[in-house]
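One structure is given below, encoded as structure tokens.
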Amino acid sequence: MPDELITRVVAWYDTNARDLPWRRPGTSAWAVMVSEFMLQQTPVERVREPWARWLERWPTPADLAASPSGEAVRAWGRLGYPRRALRLHGAAVAITERFGGEVPETSADLLSLPGVGSYTAAAIASFAFGQRAVVLDTNVRRVLGRVTVGQAHPGTAVTRAETEAADAYAPVEPARAAKWAVASMELGALVCTARAPHCDVCPVSDLCAWRTAGYPAHVGPPRRGQSYEGTDRQCRGALLAVLRGSVEPVGADELAAAWPEAVQRERALASLVDDGLVVRVEPVDGSEPRWSLPG
DNA sequence: CAGTCGTGGGC
DNA sequence: TGCCCAAGACT
């Protein structure tokens, strides 16, 4: 049964895969790595352009490492979760200093890089280096959960059972494992979607436990994300947008204009400084302090 | 380990 | 319109 599932999903991928630039032959491991950072919690369509511009400017890890981290944060633009930009810069520095400027290939080395967790390490190993890796993202979790267990949505955390099951599904042969990884992700992204899945065009609908069971609803507490309006996250985003837009350090008045509520603004600014996304610039002439992206 | 961390688009 | 969702990592 697993064999049939894999064969069909891979065949489906061969004729239905999107033409994504980071999948094209000749894409460097660094370019794949950049795409994986940008794609963390961010839709594909929003990544295409920033990814191309990023690699035009920083074609290698050493190029990015030679730039200030603040420039990475600025170039990140409105992709969201700007700490990813900082971590990508940190990873570029680590690659340059510890790995001779080449993206490492082993799982342990990849996991040693800032911003690289279990998913991203597996994705780089698989997509960039053609290795057999357990690539378990939200798409694969949903596909396997539905097809094999009949579960509508994956839980909040990746369980050990999930990882072991995914490992058992991954083909032994590296090239085929890599193909299965990208194909199962693509099926989750295009067909086996979170809402309104397209079971009518799914290549494995007749094998799907969730479908056979009559699409039972999600069991357990509804996993509700934090509302955004008025949160510290929104405040941080507003402040950082001001700093991204200014080459010169910014004064307190400009930040206050972006977020009038003082207590929350100060808390958010402190957290941005704490994260290393913002630095406080002390003037030499005793005037008011200013803030900027890290030089 | 549940909470935190941006942003924009679809329904 | 508000809510859900999008190739997670980190603490």
Side-chain angles (χ1 to χ4, degrees), chain A residues 13 17-18 20-23 31-51 73 76-88 90-91 110-128 133-143 152-160 162-163 166 178 181-190 192-197 218 220-244 258-259 267-268 271-272 274-278:
Chain A
Y13 180 80
R18 289 169 292 181
L20 302 180
W22 43 87
R23 285 181 184 162
V32 170
M33 180 171 160
V34 172
S35 80
E36 290 305 331
F37 270 71
M38 290 185 168
L39 287 163
Q40 290 169 5
Q41 300 286 284
T42 304
V44 163
E45 291 310 318
R46 286 180 50 205
V47 166
R48 290 181 187 264
E49 287 193 18
W51 178 82
V73 174
W76 199 253
R78 304 190 66 81
L79 275 177
Y81 292 146
R83 289 188 295 190
R84 290 182 293 164
L86 218 49
R87 289 171 184 156
L88 181 53
L110 286 167
L111 287 170
S112 77
L113 301 173
V116 177
S118 57
Y119 162 75
T120 301
I124 295 170
S126 180
F127 304 154
V134 181
V135 181
L136 196 54
D137 80 322
T138 188
N139 289 303
V140 178
R141 293 182 66 205
R142 189 173 53 248
V143 168
H153 297 287
T156 52
V158 178
T159 65
R160 174 165 199 148
E162 245 183 309
T163 302
V182 70
S184 55
M185 280 179 66
E186 192 77 338
L187 187 70
L190 299 183
C192 194
T193 51
R195 294 173 306 186
H218 178 68
R223 28 180 327 212
R224 184 154 280 139
Q226 180 195 23
S227 57
Y228 184 62
E229 194 70 22
T231 61
D232 283 10
R233 296 164 73 181
Q234 187 187 25
C235 180
R236 284 165 55 106
L239 298 179
L240 205 56
V242 172
L243 296 173
R244 277 198 311 265
W259 196 271
R267 182 172 67 236
S271 74
L272 287 169
D274 195 55
D275 286 347
L277 286 162
V278 172

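Letters A, B, ... are given to chains in the order of the sequence lines, protein chains preceding strands, and every chain is numbered from 1. The structure displayed is predicted, hence computed values, not measured ones.
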[X] [atom1] - [N] [atom2] separation (whole Å):
X: M38(A); N: dT7(B); atom1: CE; atom2: P; result: 15 Å
X: R83(A); N: dG8(C); atom1: CZ; atom2: P; result: 16 Å
X: E229(A); N: dC4(C); atom1: CD; atom2: C1'; result: 16 Å
X: L187(A); N: dA7(C); atom1: CG; atom2: C1'; result: 14 Å
X: R48(A); N: dA7(C); atom1: CZ; atom2: C1'; result: 14 Å
X: R87(A); N: dT11(C); atom1: CZ; atom2: P; result: 7 Å
X: R141(A); N: dC5(C); atom1: CZ; atom2: C1'; result: 15 Å
X: Q40(A); N: dA9(C); atom1: CD; atom2: P; result: 5 Å

So what does [X] touch, heavy atoms closer than 4.0 Å: a base, only the sugar-phosphate, or nothing?
X: S271(A); answer: nothing
X: V116(A); answer: sugar-phosphate
X: W76(A); answer: nothing
X: A194(A); answer: sugar-phosphate
X: T120(A); answer: sugar-phosphate
X: R195(A); answer: base
X: L20(A); answer: base
X: L240(A); answer: nothing
X: G80(A); answer: base

With rounding to whole Å, what would you report as the distance between [N] and [M] at their [atom1] atoms?
N: dA9(C); M: dG9(B); atom1: C1'; value: 24 Å
N: dA2(B); M: dA7(C); atom1: C1'; value: 22 Å
N: dC4(C); M: dG6(B); atom1: C1'; value: 15 Å
N: dC5(B); M: dC5(C); atom1: C1'; value: 16 Å

Under 4.0 Å between a side-chain N or O of [X] and OP1 or OP2 of [N]?
X: Y81(A); N: dG8(C); result: no
X: Q41(A); N: dG8(C); result: yes
X: R84(A); N: dT4(B); result: no

TODO: Check the pair W22(A), M38(A) against side chain to side chain contact (heavy atoms under 4.5 Å, CB included), reporting the backbone distance first and the verdict last.
DONE: CA-CA 12 Å; W22(A) 43 87; M38(A) 290 185 168; over 6 Å; no
Output the distance between atom [atom1] ([X]) and atom [atom2] ([Y]), rounded to the nearest 0.5 Å.
X: Q234(A); Y: W259(A); atom1: CD; atom2: CH2; value: 4.0 Å
X: R244(A); Y: L277(A); atom1: CZ; atom2: CG; value: 10.0 Å
X: Y119(A); Y: R141(A); atom1: OH; atom2: CZ; value: 13.5 Å
X: L79(A); Y: Q41(A); atom1: CG; atom2: CD; value: 13.0 Å
X: L272(A); Y: R236(A); atom1: CG; atom2: CZ; value: 4.5 Å

Task: Any donor-acceptor N/O pair under 3.5 Å between dG8(B) base and R46(A) side chain - done: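 Checked by distance alone, the answer is no.
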Open item on the list: If you go through the side-chain atoms of S118(A), does one of them form a donor-acceptor pair with the base of dG8(C) closer than 3.5 Å?
Closed with: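 Checked by distance alone, the answer is no.
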Can you tell me which nucleotide in [options] comes closest to the side chain of [X]?
X: D232(A); options: dC5(B), dA6(C), dG6(B); result: dC5(B)
X: P82(A); options: dG8(B), dC5(C), dG6(B); result: dG6(B)
X: T156(A); options: dA2(B), dG6(B), dC10(C); result: dA2(B)
X: Y228(A); options: dT7(B), dA7(C), dG8(C); result: dT7(B)

Open item on the list: Within the 4.5 Å heavy-atom criterion, are L187(A) and N139(A) side-chain neighbours or not?
Closed with: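 No, their side chains stay 4.5 Å or more apart.
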